[in-house]
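Note sheet for the following structure.
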Amino acid sequence: MNPRTAAQRFADTWQHGWTHHDTAAIITLYRDDAVHTSMPFRPPHQGKQAIADYIQWSFTGETNPHVTFADLIVDGDTAAIEFRVHAHDNGRPITLAGCVFARFDPDGLATETRDYWHTTDGHQ
């Protein structure tokens, strides 16, 4: 699969999956042996099940997410995609803004992903 097509599918599926807290849809984007790192000092999540567990955990306490992804930047087999989320975290409004870097295999599945993000109070 063309990396740009894979990256667009990744962003579209994540946008829908995050909005609806649909971990099952999101995890279809990852190869079985994929590795995901969320933030620079956290240990990586290795394998599809560990990534699914992390995603499910990250949705805990979050309600009413409105998720948007920016235009893709694709170079070779890797994409950088910014995102912004307005949600409520345990009842308080927050904005989460960040970027995901994803590397894709020839079948369009993510083999490695890395997120950097920040949250702030309120919807900005």
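It should be emphasised that the depicted structure is a prediction, and the values quoted were computed from it without experimental measurement.
Across every non-hydrogen atom of Phe83 and Tyr116, the tightest pair is CZ-O, 4.4 Å. The two residues Ile55 and Ser58 come nearest to each other via the heavy atoms O-OG, 2.7 Å. Leu109 and Arg31 get closest at one heavy-atom pair: CB-N, 3.9 Å. Minimum heavy-atom separation, Thr113 to Ala102: CG2-CB, 3.8 Å. Ala79 and Val74 make their closest contact through CB-CG2, 4.0 Å (heavy atoms, listed as atom of the first residue, atom of the second, distance). Residues Val35 and Pro44 share a closest heavy-atom pair of CG1-CB, 3.8 Å.
Cluster membership for Trp57 and Leu29, using ILVMFWY side-chain heavy atoms within less than 4.5 angstrom, is shared. A continuous path of hydrophobic side-chain contacts links Met39 to Val85 [ILVMFWY only; heavy atoms under 4.5 Å]. Using a 4.5 Å cut-off between side-chain heavy atoms of Ile, Leu, Val, Met, Phe, Trp and Tyr, with links allowed through other members, Ile94 and Val67 fall into different hydrophobic clusters.
Counted by atom type alone, Glu62 and His21 present one or more donor-acceptor pairs between their side chains at under 3.5 Å.
Between His36 and Tyr54 there is a side-chain heavy-atom pair separated by less than 4.5 Å. With a 4.5 Å cut-off on side-chain heavy atoms, Phe59 and Pro65 do not count as touching. Using a 4.5 Å heavy-atom cutoff, the side chains of Thr119 and Thr95 are not in contact. The side-chain heavy atoms of Asp115 and Phe101, taken from C-beta on, include no pair separated by under 4.5 Å. When side chains are defined from C-beta on, Leu72 counts as touching Gln8, because their heavy atoms get closer than 4.5 Å.
Atom CD1 in Ile51 sits 10.0 Å away from atom CD in Gln49 (nearest 0.5 Å). Atoms CG and OG1, on Asp32 and Thr111 in that order, are 12.5 Å from each other to the nearest 0.5 Å. For the atom pair Trp18 CH2 and Gln15 CD, the distance stands at 10.5 Å (nearest 0.5 Å). Here the CZ-OG1 distance, from Arg42 to Thr37, works out to 11.0 Å after rounding to the nearest 0.5 Å. Here the SG atom belonging to Cys99 is positioned 12.0 Å from the CZ atom belonging to Arg114, to the nearest 0.5 angstrom. Interatomic distance, CG of Asp77 versus CZ of Arg4, reported as 13.5 Å (0.5 Å rounding).
At least one donor-acceptor pair closer than 3.5 Å links the side chain of Asp105 to the backbone N or O of Gly108.
Ring centroid separation for the pair His123 and His88 comes in under the 6.0 Å cut-off.
Using a 4.0 Å cut-off between a side-chain N of Lys or Arg and a carboxylate O of Asp or Glu, Arg92 and Asp89 qualify as a salt bridge.
With sequence neighbours left out, Ala6 forms a side-chain contact (heavy atoms from CB on, under 4.5 Å) with Met1, Phe104.
Using cut-offs of 30° and 60° for the angle between ring planes, the Phe10 and Trp14 rings count as tilted.
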